[in-house]
A.B. asks: 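Quick one: the structure is below, questions incoming.
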Amino acid sequence: MMTTKLRNILFLISVAFSCISLANEQIEAVPLYTQDELITLINNNAHLKRVKDDDCQLVQDIEARAEIMGLPSYQFLYGDMLAYAVCVERDVELGLYYMRQAAQQGLAAALEQLGRYYDVGRLVQADKAMAIVYLREAAALGNLNAQLRLVGLFNKGYGSPRDYEDAYRWLFHAVVADKKVHKKIERSLSQLGEKMPASVIKRARLPN
């Protein structure tokens, strides 16, 4: 007959294997985002949702790639996480620091976001001149949202006429499939064109 001691040992072994099996079923390692994948998420404004959907498992990896490796896409992601308390304690000042770090490295999404924040006064004091500085850089990199907002500011009388030609050129040559956005671009360019000589408009429309 099986002794009580042996039965207890077998029971403990059974429990241990059950726990290991359960842990393997419940905990699945989340792969770290590639640069291209993360930039696509950022451009689609889905980066914070993805971090939450991944149950905040990658916070330490994200922080390391932002702080130690200085990768601009991860700086932007970590900055947004800090600014909006996604999987970390909220720290707006530090969040803006990382957004600016990403912008300084030329990440168009970071440049556009900071320009937008300065335009509307979100997280920072509204400053149209500073907004134009950031938006102009993002627009030059092909960011459509920045191009539209920049032209919008010029149409409202902000900025310098010296920048009209570049802004017109960038937006005129933007490739857009959405009909509503296309109409918005037409209206914006028509309004900006009223402030520009015909010869400058003609030059801005020349193929790149």
Side-chain angles (χ1 to χ4, degrees), residues 33-50 72-73 75-77 79-80 83-84 95-96 98-208:
Y33 322 125
T34 66
Q35 287 285 341
D36 289 342
E37 181 184 12
L38 181 52
I39 289 174
T40 298
L41 288 169
I42 290 170
N43 290 337
N44 292 329
N45 196 30
H47 52 297
L48 294 181
K49 181 179 183 301
R50 178 62 178 272
S73 57
Q75 289 173 330
F76 181 83
L77 172 60
D80 261 10
Y84 296 102
L96 284 169
Y98 279 108
M99 290 179 206
R100 290 191 176 103
Q101 291 294 306
Q104 287 174 11
Q105 294 200 64
L107 186 68
L111 289 160
E112 184 276 330
Q113 180 160 291
L114 287 170
R116 174 163 35 93
Y117 284 2
Y118 275 108
D119 181 22
V120 301
R122 186 171 191 175
L123 302 183
V124 294
Q125 294 300 311
D127 186 332
K128 302 298 185 183
M130 186 63 73
I132 288 171
V133 169
Y134 281 111
L135 290 171
R136 195 185 192 288
E137 292 298 316
L141 292 170
N143 186 286
L144 179 60
N145 290 331
Q147 292 168 352
L148 279 166
R149 187 173 291 272
L150 182 65
V151 170
L153 284 170
F154 290 160
N155 285 337
K156 293 176 183 177
Y158 297 103
S160 170
R162 292 192 301 271
D163 292 326
Y164 290 176
E165 182 177 351
D166 283 338
Y168 191 102
R169 179 185 302 108
W170 295 326
L171 191 54
F172 179 79
H173 291 289
V175 178
V176 179
D178 188 287
K179 291 183 178 180
K180 290 183 179 179
V181 177
H182 188 75
K183 287 292 184 183
K184 183 177 182 180
I185 290 173
E186 284 185 347
R187 292 193 297 268
S188 297
L189 289 176
S190 177
Q191 189 175 349
L192 183 60
E194 294 175 0
K195 303 173 181 288
M196 301 166 61
S199 59
V200 176
I201 295 174
K202 183 178 180 180
R203 188 170 62 210
R205 291 185 173 207
L206 291 174
N208 292 325

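Just the heavy atoms: all of them, side chains too, but no hydrogens, waters or symmetry mates, feed the values below. Note that the structure is a prediction, hence the values are computed from the model and not measured.
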A.B. asks: Do Trp170 and Arg136 come within less than 4.5 Å of each other through their side chains, counting heavy atoms only?
C.D. replies: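 They are in contact (side-chain heavy atoms under 4.5 Å apart), so the answer is yes.
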A.B. asks: Counting heavy atoms not belonging to His173, are there more than 12 under 6.0 Å from its NE2?
C.D. replies: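 For His173, atom NE2 is crowded (more than 12 foreign heavy atoms under 6.0 Å).
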A.B. asks: As an exercise, state the distance from CG of Asp119 to NZ of Lys156, rounded to the nearest 0.5 Å.
C.D. replies: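 One finds 6.5 Å between CG of Asp119 and NZ of Lys156.
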A.B. asks: State, to 0.1 Å, how close Gly115 and Ala131 come at their nearest heavy-atom pair, and which atoms those are.
C.D. replies: O-CB, 3.3 Å
A.B. asks: Measuring from Leu114:CG to Leu111:CG, what's the distance to the nearest 0.5 Å?
C.D. replies: 7.0 Å
A.B. asks: In Å, rounded to the nearest 0.5 Å, how long is the span from CG of Leu153 to CG of Leu192?
C.D. replies: 11.5 Å
A.B. asks: Please report the closest heavy-atom contact between Ile42 and Ala109, naming both atoms and the distance.
C.D. replies: CG2-CB, 3.4 Å
A.B. asks: Does a sphere of radius 6.0 Å around OH in Tyr84 hold more than 12 heavy atoms from other residues, nucleotides or ligands, not counting ones at 6.0 Å or beyond?
C.D. replies: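 Enclosed.
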A.B. asks: Minimum heavy-atom separation for Ala146 and Leu135, please, with both atom names.
C.D. replies: CB-O, 3.8 Å
A.B. asks: Mind checking the CG-CD spacing from Asn145 to Gln113? Nearest 0.5 Å is all I need.
C.D. replies: 11.0 Å
A.B. asks: Return the minimal non-hydrogen interatomic distance between Ala174 and Gln147, and the atom names on each side.
C.D. replies: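 That would be CB-OE1, 3.8 Å.
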A.B. asks: Can you tell me which residue among Leu150, Asp166, Leu144 is in a side chain to side chain contact (heavy atoms under 4.5 Å, CB included) with Leu171?
C.D. replies: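 Single side chain to side chain contact (heavy atoms under 4.5 Å, CB included) partner of Leu171 among Leu150, Asp166, Leu144: Leu144.
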A.B. asks: Ignoring hydrogens and geometry beyond distance, is a side-chain donor-acceptor pair present between Arg116 and Tyr134 at under 3.5 Å?
C.D. replies: no
A.B. asks: Can you list everything that forms a salt bridge (Lys or Arg N to Asp or Glu O under 4.0 Å) with Lys49? Sequence neighbours excluded, please.
C.D. replies: Asp53
A.B. asks: Would you indicate whether the side-chain heavy atoms of Lys195 and Phe154 approach each other to under 4.5 Å?
C.D. replies: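 In short, these two side chains do not touch, never coming nearer than 4.5 Å.
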A.B. asks: Can you find a pair of side-chain heavy atoms, one from Tyr164 and one from Val200, that are under 4.5 Å apart?
C.D. replies: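 No, every pair of side-chain atoms sits at 4.5 Å or beyond.
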A.B. asks: Do Phe76 and His47 have their ring centres less than 6.0 Å from each other?
C.D. replies: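 Yes.
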A.B. asks: Taking all heavy atoms of Ala83 and all of Leu123, pick out the closest pair and write down the distance.
C.D. replies: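 So the two residues come closest at CB-CD1, 4.1 Å.
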A.B. asks: Taking atom CG of Asn43 and atom CG of Leu38, what is their separation to the nearest 0.5 Å?
C.D. replies: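 So the CG of Asn43 and the CG of Leu38 are separated by 9.5 Å.
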A.B. asks: Measure the CZ-CG distance between Arg50 and Leu41 for me, rounded to the nearest 0.5 Å.
C.D. replies: 5.5 Å
A.B. asks: Taking the side chain as every heavy atom from C-beta outward, state whether Lys183 and Lys180 have any pair of such atoms under 4.5 Å apart.
C.D. replies: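 No, every pair of side-chain atoms sits at 4.5 Å or beyond.
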A.B. asks: On a heavy-atom basis, which atom in Glu112 and which in Asn143 lie closest, and how many Å separate them?
C.D. replies: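 Scanning both residues completely, I find the closest heavy atoms to be CG-OD1, 3.3 Å.
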A.B. asks: Apply the test side chain to side chain contact (heavy atoms under 4.5 Å, CB included) to residues Leu96 and Met99: give CA-CA distance (whole Å), side-chain angles for both, the deciding distance (0.1 Å), then the verdict.
C.D. replies: CA-CA 5 Å; Leu96 284 169; Met99 290 179 206; 3.9 Å; yes
A.B. asks: Out of Gln105, Gln104, Arg100, which one pairs with Gln75 under the side chain to side chain donor-acceptor pair (under 3.5 Å) rule?
C.D. replies: Gln105
A.B. asks: Check for a donor-acceptor pair, side chain of Ser188 on one end and backbone N or O of Lys184 on the other, with a separation under 3.5 Å.
C.D. replies: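 Side chain of Ser188 to backbone of Lys184, a donor-acceptor pair under 3.5 Å: yes, one is there.
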A.B. asks: So, do Val151 and Tyr168 sit near enough that their side-chain heavy atoms are less than 4.5 Å apart?
C.D. replies: no
